[in-house]
Amino acid sequence: MTTSDALRAARQALVDVGLRLLSAGLVQDGQGNLSLRLPDGRILITPSAVPYRQREAEDICVLSPRGEFLAGRWKPTSELPLHLAFYQAREDVGAVIHTHAPYATVFGVTGEGELPMLLTEAAMHLGGAVSVAPYARPGTELLARRACESAGAGRAVILAHH
């Protein structure tokens with residue numbers, strides 16, 4: 001497989017995962033966003049406001065490790081700072097998936113604190129309770145910083161009132 005074939009396959013994988021999230025009810029059409037860090041450090045990220053069912057591999061944005069636009073048909077999601085914060089803070093993060101899962105969203109609105117691990121399966125996948133990051137406006141550096149800090153070494157975080 002050539003480098004360009006591998007890049008196209010990775011971009012298509014993000015399109016496919018987005019469709020799976022849509023089918024599962026974890027995102028609404030055009031809402032939520034996904035990114036993937038490639039072995040060479042480049043970042044693939046979903047475009048802003050393009051509905052999942054209309055996305056093609058070429059719509060997925062290719063960015064430098066610092067977030068500079070390299071390729072794609074559209075501008076990256078407005079939540080780019082959120083994705084970059086995790087990649088810059090944690091070498092172990094290879095992908096970021098920002099859903100609008102109904103139950104997580106409700107939990108983030110109730111202000112209950114952290115989501116406890118009640119099921120063995122959840123603890124195995126998430127590693128422990130899921131923190132709720134304090135509110136900050138969507139798409140801001142403040143939201144990105146709060147989410148990253150609240151996640152700590154964990155695999156998930158809920159955004160308050162988001």
Side-chain angles (χ1 to χ4, degrees), residues 3-109 115 126 130-151 154-162:
T3 303
S4 65
D5 288 341
L7 178 61
R8 181 162 183 13
R11 290 168 97 181
Q12 185 61 51
L14 274 186
V15 170
D16 295 344
V17 169
L19 290 170
R20 289 177 62 194
L21 292 171
L22 182 64
S23 293
L26 297 175
V27 294
Q28 294 73 46
D29 214 15
Q31 302 297 310
N33 35 76
L34 310 137
S35 66
L36 175 68
R37 181 169 25 197
L38 298 173
D40 65 7
R42 288 179 299 167
I43 297 166
L44 304 181
I45 193 163
T46 51
S48 181
V50 177
Y52 286 92
R53 288 186 183 95
Q54 295 177 18
R55 290 181 187 167
E56 298 177 0
E58 295 77 18
D59 295 326
I60 301 299
C61 303
V62 182
L63 309 175
S64 76
R66 291 183 305 255
E68 300 155 331
F69 186 84
L70 301 174
R73 294 179 180 164
W74 312 101
K75 67 179 185 172
T77 174
S78 61
E79 291 293 0
L80 176 60
L82 177 70
H83 295 256
L84 291 177
F86 278 92
Y87 293 131
Q88 292 167 357
R90 296 190 38 195
E91 290 185 20
D92 64 314
V93 172
V96 174
I97 300 175
H98 172 184
T99 71
H100 290 186
Y103 295 119
T105 300
V106 168
F107 196 86
V109 170
L115 180 63
L126 298 174
V130 177
S131 298
V132 177
Y135 176 77
R137 285 186 23 243
T140 64
E141 297 288 337
L142 181 59
L143 175 70
R145 186 172 63 251
R146 286 181 173 175
C148 204
E149 289 171 356
S150 295
R155 297 181 185 155
V157 64
I158 295 172
L159 305 176
H161 303 282
H162 186 88

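Heavy atoms only: backbone and side chains are in, while hydrogens, waters and symmetry mates are out.
- Across all their heavy atoms, Val109 and His161 have their closest contact at O-CE1, 3.4 Å.
- Closest heavy-atom contact between Pro76 and Ile45: CB-CG2, 3.8 Å.
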Check the pair Phe69, Leu80 against side chain to side chain contact (heavy atoms under 4.5 Å, CB included), reporting the backbone distance first and the verdict last.
CA-CA 11 Å; Phe69 186 84; Leu80 176 60; over 6 Å; no
Start with the C-alpha gap between Glu58 and Arg8, add the side-chain angles, then the distance that decides, and say whether salt bridge (charged side-chain N to carboxylate O under 4.0 Å, His left out) holds.
CA-CA 8 Å; Glu58 295 77 18; Arg8 181 162 183 13; 3.6 Å; yes
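- Contact check for Leu7 versus Leu38: side-chain heavy atoms found under the 4.5 Å cut-off.
- Of the inter-residue distances, the one linking Glu79 atom CD with Thr140 atom OG1 reads 7.5 Å to the nearest 0.5 angstrom.
- Nearest heavy-atom pair, Ala144 versus Pro81, reported as atom, atom and distance to 0.1 Å: CB-O, 3.3 Å.
- Atom CG of Leu115 is separated from atom OG of Ser131 by 10.0 Å, given to the nearest 0.5 angstrom.
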Would you mind writing out the side-chain donor-acceptor pairs for residues 86-95 within the sub-3.5 Å range, not counting sequence neighbours?
unit_1 : atom_1 : unit_2 : atom_2 : d
Tyr87  : OH     : Ser35  : O      : 3.2
Tyr87  : OH     : Ser35  : OG     : 2.6
Tyr87  : OH     : Leu36  : N      : 3.3
Tyr87  : OH     : Val96  : N      : 3.3
Arg90  : NE     : Asp92  : OD1    : 3.1
Arg90  : NH1    : Gly152 : O      : 3.0
Arg90  : NH1    : Gly154 : O      : 2.7
Arg90  : NH2    : Asp92  : OD2    : 2.8
Arg90  : NH2    : Ala153 : O      : 3.3
Arg90  : NH2    : Gly154 : O      : 3.3

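- Residues Pro47 and Cys61 share a closest heavy-atom pair of CA-SG, 4.2 Å.
- The two residues Gln12 and Ala57 make their nearest non-hydrogen contact at OE1-CB, 3.6 Å.
- Heavy atoms of other residues, nucleotides or ligands lying less than 6.0 angstrom from CZ of Arg53 number 12 at most.
- In this structure, Asp59 and Arg73 approach most closely via the heavy-atom pair OD1-CD, 3.0 Å.
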